[in-house]
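Worksheet: one structure, shown below.
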Amino acid sequence: MEEENSVPVTKEDVGKLQHGCDHYKRRCKIRAPCCQQIFSCRHCHNEATNALPRPEDRHDIVRKDVTQVICSLCSTEQPVAHVCSNCGVKMGEYFCGICNFFDDDTSKDQFHCDKCGICRVGGRENFFHCEKCVHLRDNHECVQNAMQNYCPVCYEYLFDSVKSTAVMKCGHTMHMECFQEMAQQHQYRCPICSKTVLDMTEQWQLLDVEIEATKMPEECRHEVIFSSLFLPSAGLV
């Protein structure tokens with residue numbers, strides 16, 4: 001029986017999806033311009049430097065300040081580029097020369113948003129840039145700077161977070177995984193404005209049925225309760 005012909009791998013695709021870190025699959029590392037150390041990505045840098053014991057040593061990298069990368073296949077250090085100048089492999093299937101960003105996993109549908117000034121995921125065709133927020137195109141509730149805030153659950157800055165973001169009905173934003181964790185714990189209100197974030201119609205109907213089926217205790221059936229809202233007021237000052 002003849003073996004099936006395998007698709008030949010081009011020089012540019014050697015090592016694709018085989019290198020990187022927990023944050024990105026890529027075939028290069030970066031040299032941090034702030035401390036001259038080598039890291040797999042800016043998030044690896046930020047996690048390491050913000051865990052330093054002395055607060056004055058903690059810092060974040062500015063992604064656009066990165067000028068040098070190191071090829072993961074041939075270890076050649078070179079200026080930021082899509083293709084390694086030595087061995088010819090793509091350092092990332094997706095490459096943005098503005099953000100100095102590489103990623104082999106293109107299933108995220110990465111794209112660069114000129115108005116945000118950073119790369120985003122989810123497909124350019126699914127998003128538009130609102131001057132007040134960055135939301136899905138159709139029927140979004142606009143909240144000023146909704147994406148330029150911290151997740152109300154884990155407090156990570158949402159604007160440049162690599163995690164998926166959920167836009168709630170009220171227009172506020174949080175990480176999708178934090179949103180799902182809230183729902184699993186039967187928390188259905190926005191942590192910011194306390195509005196219901198899910199359609200609770202069915203739950204309210206079940207509650208109405210349960211209340212209707214609950215008999216009023218005999219001693220309370222004929223009691224009349226007056227609310228202070230309907231009593232004469234002495235006036236306000």
Side-chain angles (χ1 to χ4, degrees), residues 12 16-17 19-52 55-135 144-151 154-165 173 175:
E12 289 186 342
K16 183 178 178 180
L17 295 172
H19 300 270
C21 59
D22 291 340
H23 306 105
Y24 304 110
K25 291 295 183 183
R26 51 171 57 168
R27 285 164 279 176
C28 69
K29 297 181 179 181
I30 62 172
R31 184 176 291 280
C34 43
C35 55
Q36 295 302 309
Q37 300 297 310
I38 297 174
F39 294 90
S40 293
C41 74
R42 65 185 179 88
H43 295 290
C44 291
H45 168 276
N46 294 345
E47 289 174 0
T49 56
N50 284 294
L52 293 173
E56 59 269 27
D57 292 334
R58 299 170 188 168
H59 61 281
D60 288 342
I61 196 172
V62 179
R63 70 181 83 189
K64 294 182 180 179
D65 288 349
V66 174
T67 59
Q68 294 292 115
V69 295
I70 299 91
C71 177
S72 298
L73 277 77
C74 67
S75 302
T76 300
E77 184 165 350
Q78 58 201 280
V80 172
H82 191 186
V83 176
C84 175
S85 60
N86 182 49
C87 67
V89 301
K90 288 181 181 177
M91 296 195 226
E93 188 66 26
Y94 174 85
F95 168 69
C96 176
I98 300 174
C99 296
N100 300 325
F101 177 66
F102 307 81
D103 198 348
D104 270 339
D105 183 6
T106 55
S107 64
K108 305 172 187 175
D109 290 333
Q110 302 95 327
F111 67 97
H112 181 85
C113 177
D114 292 326
K115 291 187 177 180
C116 285
I118 61 174
C119 291
R120 297 200 170 279
V121 298
R124 187 185 301 275
E125 67 280 3
N126 296 320
F127 288 83
F128 77 113
H129 187 99
C130 173
E131 294 302 329
K132 291 185 177 180
C133 60
V134 183
H135 283 170
Q144 184 75 35
N145 296 324
M147 290 297 295
Q148 295 180 2
N149 282 302
Y150 295 86
C151 174
C154 69
Y155 302 108
E156 182 182 351
Y157 191 53
L158 291 169
F159 187 74
D160 55 6
S161 174
V162 298
K163 299 177 182 176
S164 298
T165 302
T173 50
H175 284 133

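- By the side chain to side chain contact (heavy atoms under 4.5 Å, CB included) test, Val62 pairs with Asp65, sequence neighbours left out.
- Atom CZ of Arg42 and atom SG of Cys99 lie 8.5 Å apart (nearest 0.5 Å).
- Nearest heavy-atom pair, Leu158 versus Cys151, reported as atom, atom and distance to 0.1 Å: CG-N, 3.7 Å.
- Applying the side chain to side chain contact (heavy atoms under 4.5 Å, CB included) test to Arg58 and every residue at least two apart in sequence or in another chain returns Asn50, Leu52, Pro55.
- The shortest distance between side-chain heavy atoms of Asn100 and Ile30 does not fall below 4.5 Å.
- You'll find the side chain of His45 reaches within 4.5 Å of the side chain of Cys34, heavy atoms only.
- For the pairing with Lys29, the side-chain contact (heavy atoms from CB on, under 4.5 Å) check across Cys44, Cys71, Cys41, Ser40 returns one residue only, Ser40.
- Rounding to the nearest 0.5 Å gives a distance of 10.5 Å between CZ of Phe39 and CD of Glu47.
- Annotation for Tyr94 and Cys119: closest pair OH-SG, 3.1 Å, computed over non-hydrogen atoms.
- Residues that satisfy the side chain to side chain contact (heavy atoms under 4.5 Å, CB included) test with His19, not counting sequence neighbours, are Arg27, Ser72, Leu73.
- Minimum heavy-atom separation, Val69 to Pro79: CG2-O, 3.9 Å.
- Among Gln110, His23, Arg26, the one residue that satisfies the side-chain hydrogen bond (donor to acceptor under 3.5 Å, both in side chains) test with Asp103 is Gln110.
- Looking at Phe102 and Val80, their side chains come closer than 4.5 Å, going by heavy atoms from C-beta outward.
- The shortest non-hydrogen separation linking Met91 to Cys28 is SD-CB, 3.4 Å.
- Here the straight-line distance linking atom CZ of Phe101 with atom CZ of Arg63 works out to 8.5 Å at 0.5 Å rounding.
- Taking 4.5 Å as the limit, some side-chain heavy atom of Val66 sits within range of a side-chain heavy atom of Pro33.
- The CZ atom of Phe111 sits 9.5 Å away from the CD1 atom of Ile118 when rounded to the nearest 0.5 Å.
- Contact check for His43 versus Tyr24: side-chain heavy atoms found under the 4.5 Å cut-off.
- In this structure, His59 and Thr49 have side chains that are in contact, with non-hydrogen atoms separated by less than 4.5 Å.
- Panel note: side chain Gln78, backbone Ser85; a donor-acceptor pair is recorded below 3.5 Å.
- Ring-plane geometry between Tyr157 and Tyr150 is classed as tilted, the angle between the planes lying from 30 to 60 degrees on a 0 to 90 degree scale.
- Looking at every heavy atom in both residues, Asp60 comes nearest to Asn46 through CA-OD1, 3.2 Å.
- Between Cys96 and His112, the shortest heavy-atom contact is SG-ND1, 3.5 Å.
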